[in-house]
Visitor: 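So that we are looking at the same thing, I have put the structure below in structure tokens.
For the single chain, residues carry numbers from 1 onward in sequence order. Read the numbers this way: they start at 1 and go in the same order the structure lists the ligands and their atoms.
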Amino acid sequence: HSWFADVPTAPKDPILGITEAYLANTRPDKINLGVGAYRDDDSKPVVLNVVREAESRIAGANFMEYLPIGGLKAFNDLSVKLAFGEDAECIKEGRVAAVQSLSGTGSCRLMAEFMARYMPGAKIWIPKPTWSNHHNIWKDAGVKEAIYKYYKPETRGLDQEGLLEDLSTAQPGDVVLLHACAHNPTGVDPTVEQWQEISTLMKEKKLFPFFDMAYQGFASGDCTRDAQAIRTFLKDGHQLGCSQSYAKNMGLYGQRTGCFSLITASAQETTSVESQMKAIARPMYSNPPLHGALLVKEILGDAALKQQWYEEVKGMADRIITMRALLRKNLEALGSPLPWKHITEQIGMFCFSGISPEQVDRLAQEHAIFMTRNGRISMAGVTTKNVDRLAEALHQVTT
Ligand code: PLP
């Protein structure tokens, strides 16, 4: 008898299932719209030139040592400036506790564990829908979740009224998970005015904002504009938490490079909070990986490289924005009677197309076009070479 005979097989991750179906398909013109990673116009993964340059600069350096538990200090300092602004008061006043994390997922996991220990009884409010891993992360930390309305299928836009209504029922001290920009999976972000309303309500209700920022720069192409929601909350005097990831905006996916930060009320509090972040990290993984942090430090710490990075992020965002426009134009040119305006109104890597699970299945079976069953199109998979065929297939299954 095996020790593991009673271990059931865990359900498959929905995204991995799509990749498998795509790989198993033999049509030469098959299209994978499931991947949450950037691809160029030839459907190829991209290493940014600025990352290549940074790699050449750190080559041969003494960089095989362990990092401290909290990671590379210079990396953390540069990261929080990117999120909160070069001149942010909270940084100047020593009110930011930060540790390097295992990318965005790791930041969220540290926050969940921090909540379990130091924000007892607080629920995590998660938008509906969200990146599916959010549910798993807070569940594993034993934190109770509550759901707030976010997306309105009728308009394929934000349900601001539902959102405010749900958050106004939260208990003081609860934590609200907000996608800082380029909401995954809907591509729907609040406007500047709507963010202001959310911030005002949360201040009034004493709710703690936790920003998951997995796509800074990837939404509009402008890193400062993409941090606008966070800046609004800072201006309103919130203490807040932030998860940063360099997976998408620097293409460091596999390097697991991120930063987890919490804004405190004083430099003294920062010392305590940061020490507890490290106390959580130590038994989990001892210390974070080095290579990606060195690359980011090199890039953000050098004015010329940083400028080059800004331009390359903008290049990726612009390609996606162009594909949105082309996809919509093609559908309209085919005479589709359906509204497709949301394709260009949504932002970031994903388009929540609004098609049904049955239509998604037909796209896979009849057209070898693969996406998640919620109708989410990864715009990174759309290119000038496949956008015509995609539009025709979408038109066929929706009429
Ligand atoms: N948060 C959101 C909203 C995401 O979409 C993702 C990635 O898809 C992540 C966090 C985590 O990504 P990573 O752990 O690779 O930084």
Side-chain angles (χ1 to χ4, degrees), residues 13-16 18-19 32-39 45-46 51 71 75 79 82-83 99-113 124-138 140-141 145 148 150-151 175-190 209-219 226-227 229-230 241-261 281 284-285 288-289 291-293 295-296 313 316-317 320 346-352 371-372 374 376-381:
D13 189 290
I15 308 269
L16 298 182
I18 292 159
T19 305
N32 186 358
L33 302 177
V35 282
Y38 184 75
R39 296 291 179 261
V46 173
V51 169
F75 163 89
S79 289
L82 186 68
V99 294
Q100 190 188 325
S101 63
L102 308 193
S103 211
T105 309
S107 296
C108 288
R109 187 64 178 83
L110 291 176
M111 176 61 184
E113 197 59 41
I124 182 77
W125 285 78
I126 294 178
K128 184 179 178 199
T130 194
W131 180 49
S132 58
N133 214 16
H134 283 147
H135 302 289
N136 309 329
I137 289 170
W138 270 271
D140 271 7
E145 76 165 40
Y148 64 91
Y150 188 84
Y151 177 76
V175 176
V176 181
L177 185 142
L178 300 157
H179 294 229
C181 63
H183 182 274
N184 177 8
T186 66
V188 173
D189 286 350
F210 180 66
F211 283 96
D212 183 358
M213 185 151 62
Y215 299 93
Q216 187 177 8
F218 225 92
D226 284 358
I230 293 182
C242 186
S243 158
Q244 290 173 266
S245 165
Y246 292 96
K248 326 282 160 140
N249 60 11
M250 276 196 199
L252 297 180
Y253 304 93
Q255 296 293 344
R256 313 311 294 143
T257 310
C259 184
F260 167 47
S261 55
M284 258 197 225
Y285 54 82
H291 190 72
L295 294 175
V296 173
V313 186
M316 293 192 283
I320 287 180
Q346 295 172 356
I347 195 164
M349 195 176 280
F350 303 110
C351 167
F352 220 44
M371 66 182 71
T372 46
N374 59 7
R376 186 191 80 167
I377 295 174
S378 171
M379 290 305 301

Visitor: Look at the side chain of Asp226 and the backbone N and O of Gly217, then say whether any donor-acceptor pair between them is shorter than 3.5 Å.
Guide: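 Confirmed, Asp226 side chain pairs with Gly217 backbone.
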Visitor: Select all protein residues for which some heavy-atom-to-ligand 1 distance is less than 4.0 Å, and list them by chain and number.
Guide: Ser103, Gly104, Thr105, Trp131, His179, Asn184, Asp212, Ala214, Tyr215, Ser245, Ala247, Lys248, Arg256
Visitor: Roughly how far, to the nearest 0.5 Å, is the CG atom of Asn133 from the CG atom of Asp212?
Guide: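 Here the rounded value is 10.5 Å.
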Visitor: Is the centre of the His183 ring less than 6.0 Å from the centre of the Tyr150 ring?
Guide: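 Yes, the ring of His183 comes within the 6.0 Å limit of the ring of Tyr150, centre to centre.
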Visitor: Okay, side chain of Gln216, backbone of Leu82: is any donor-acceptor separation there less than 3.5 Å?
Guide: yes
Visitor: Do any N or O atoms from the side chain of Tyr151 and from the backbone of Pro127 form a donor-acceptor pair under 3.5 angstrom?
Guide: no
Visitor: Tell me, please, which residues at least two apart from Arg109 pass salt bridge (Lys or Arg N to Asp or Glu O under 4.0 Å).
Guide: Glu113
